[in-house]
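Comments concern the structure below.
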There are 2 protein chains.
Amino acid sequence: MGVTGARRPGRPAGGQLVVDRERVLDAAERVIAREGAGVSIDDIAIEAGVTKPIVYDRVGSRSELADALAERLADRMVKAAGDTLMEGSISEEALARFIEVNLVTVSQNRELFLYVTGGSTEQTALGRLKVAERSIDPMTLAIRAWRDHFAADPKVADTWAAAIVGALQMVAIWWTAQSERPAREIARQVADLLWNGLPGRPER
Amino acid sequence: MGVTGARRPGRPAGGQLVVDRERVLDAAERVIAREGAGVSIDDIAIEAGVTKPIVYDRVGSRSELADALAERLADRMVKAAGDTLMEGSISEEALARFIEVNLVTVSQNRELFLYVTGGSTEQTALGRLKVAERSIDPMTLAIRAWRDHFAADPKVADTWAAAIVGALQMVAIWWTAQSERPAREIARQVADLLWNGLPGRPER
DNA sequence: GGGATTAAGTTACTTTGAGTAAGTAAGTCT
DNA sequence: AGACTTACTTACTCAAAGTAACTTAATCCC
């Protein structure tokens, strides 16, 4: 049959890709969400309706897959956080909302989050760093701009960004592994720490 | 030859173990420090002077190995931090010293740190949580005791502990992956954040 | 003192999953 | 029509986790 749509094996020259990179990543997300972070490349290929070499062609290696998924998740979180954290307007309440959105987004993408923060065997936790960079960079910029705005030394920005991203990641993991406690409560507590510091507000 | 020391294969009944659990873990640390976090169980067995099944017998599985090494590292860090973080005596300077000791300890055990925070493929980042627990628990106790002492609400202790441990871990990874910047500087910046909060000290 | 027993190992396997090489069908170009 | 190209597949290799089954030396007991 010359039906152009139903061809399967052995493919054309000027033909379009059946599954492009995005579709592979979509499939990876779906199967990770469903089966957990322990999925194999084969599982992902099957979910995408292709075979393993296609996944390697589109994505690269396993760790590149993790990186790509991490980028997507980080972007999703940045987007979800929206403008809760814009320069001049920052406040403890805004920070709490930002953190809450982060927690909720993580809980909505729990397995994916565990997958990308789980690291990639070989390069271990350096993968986790790479994951975080996508979050650290915007955070660095936000802090720097904001400190500039208040004439405070912006040199601390990158260190602070790493610390804050690390705190949020760990709280997210810890929280999702726990029996239910409202995200808002946790977010407020973390915001309290990050805004007022360990000694707490001057008077209370 | 009845030389009791030189026996190798096939071993006795009432005899002592040639390598106990501790020796296996020691060997694992050595080979990880030398070869990086990508070592196999076989590599560890060889370093310990035995074969793979012995490692499994003494330690359990690969993830149990990671857990055990994590406990050791966490204990080492708690010990190294010593009494920098004792209840009543806490201050921004004490906190900075505590953080600096943490950073230095991590850099002295870099590959091991990457190994244990790298997670264990299967259970991914939940392993990282388990790693952290050993650090979170003492931190929780310290914070709770300290807040009690100042009549502040101690309910935030566990959340804060998770946040702080996460911040320290991420800063440590980020810092060790960087070109040289003195640990003391980084520690002071993190202490500044955790003590004074994002807006900074009242006057400055 | 000489078997049965048992502890402490080893060798040799199975299994799983990452990554790749080589083949094959459907189209395009001339 | 035949040469070429592209988009895939099948079928492998290789490494590493985990396990089963065997081997040897000491001890126990009579």
Side-chain angles (χ1 to χ4, degrees), chain A residues 1-21 23-24 27-28 31-32 35-68 115 118-124 127, chain B residues 1-21 23-24 27-28 31-32 35-68 115 118-124 127:
Chain A
M1 303 289 178
V3 180
T4 355
R7 72 264 175 117
R8 222 60 249 297
R11 293 286 311 302
Q16 289 297 336
L17 292 164
V18 166
V19 286
D20 58 0
R21 186 183 165 92
R23 278 180 190 280
V24 171
V31 70
I32 288 169
E35 314 266 326
V39 298
S40 70
I41 300 288
D42 255 325
D43 294 334
I44 293 167
I46 291 168
E47 175 73 24
V50 290
T51 51
K52 207 163 29 151
I54 300 300
V55 176
Y56 280 94
D57 179 64
R58 302 293 187 279
V59 175
S61 65
R62 187 177 172 76
S63 64
E64 284 178 79
L65 171 68
D67 286 353
Y115 186 89
S120 28
T121 321
E122 249 314 289
Q123 63 193 94
T124 54
Chain B
M1 307 282 199
V3 182
T4 357
R7 72 266 174 116
R8 224 58 252 293
R11 292 290 309 304
Q16 289 297 336
L17 292 163
V18 166
V19 285
D20 58 1
R21 187 182 165 93
R23 277 180 192 280
V24 171
V31 70
I32 287 169
E35 313 266 326
V39 297
S40 69
I41 300 289
D42 254 325
D43 294 334
I44 292 167
I46 290 167
E47 175 73 23
V50 289
T51 51
K52 207 163 28 150
I54 300 300
V55 175
Y56 280 94
D57 179 64
R58 302 294 188 278
V59 175
S61 66
R62 189 177 169 76
S63 65
E64 284 178 78
L65 172 68
D67 286 353
Y115 185 88
S120 27
T121 320
E122 250 311 289
Q123 63 192 93
T124 53

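Per chain, numbering begins at 1; letters A, B, ... match sequence-line order.
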Legend entry - Terminal helix-axis angle for the helix from C:dG1-D:dC30 to C:dT30-D:dA1, with five pairs defining each axis and rounding to 10 degrees: 20°
Legend entry - C:dG9 OP1/OP2 closer than 4.0 Å to side-chain N/O of B:Thr51: no
Taking distance alone, no hydrogens or angles, what donor-acceptor pairs closer than 3.5 Å link side-chain atoms of residues 52-59 of chain B to residues at least two apart or in another chain?
residue : atom : partner : partner atom : Å
B:Arg58 : NE   : B:Val19 : O            : 2.8
B:Arg58 : NH2  : B:Val19 : O            : 3.4

Legend entry - Rounded distance (Å) that lies between atom C1' of C:dG17 and atom CG of A:Leu65: 14 Å
Legend entry - Euclidean distance, atom CZ of residue B:Arg23 to atom P of C:dG9 [Å, nearest integer]: 12 Å
Report, one line per pair, each donor and acceptor closer than 3.5 Å where one atom sits in a side chain of residues 42-49 of chain A; sequence neighbours left out.
residue : atom : partner : partner atom : Å
A:Asp43 : OD2  : A:Ser40 : N            : 3.0
A:Asp43 : OD2  : A:Ser40 : OG           : 3.2
A:Glu47 : OE1  : A:Arg34 : NH2          : 2.3
A:Glu47 : OE2  : A:Arg30 : NE           : 2.8
A:Glu47 : OE2  : A:Arg30 : NH2          : 3.4
A:Glu47 : OE2  : A:Arg34 : NH2          : 3.2

Inset, instruction - Using a 4.0 Å cut-off on protein heavy atoms (strictly under), produce a 5'-to-3' string for nucleotides 12-18 of chain D with B for base contact, S for backbone-only sugar-phosphate contact, and - for none. - result: ----SBB
Inset, instruction - Could you work out which one of C:dG9, D:dT19, D:dC8 sits closest to the side chain of B:Arg58? - result: C:dG9
Inset, instruction - Report the distance from atom CG of A:Asp57 to atom P of D:dT9, rounded to the nearest whole Å. - result: 11 Å
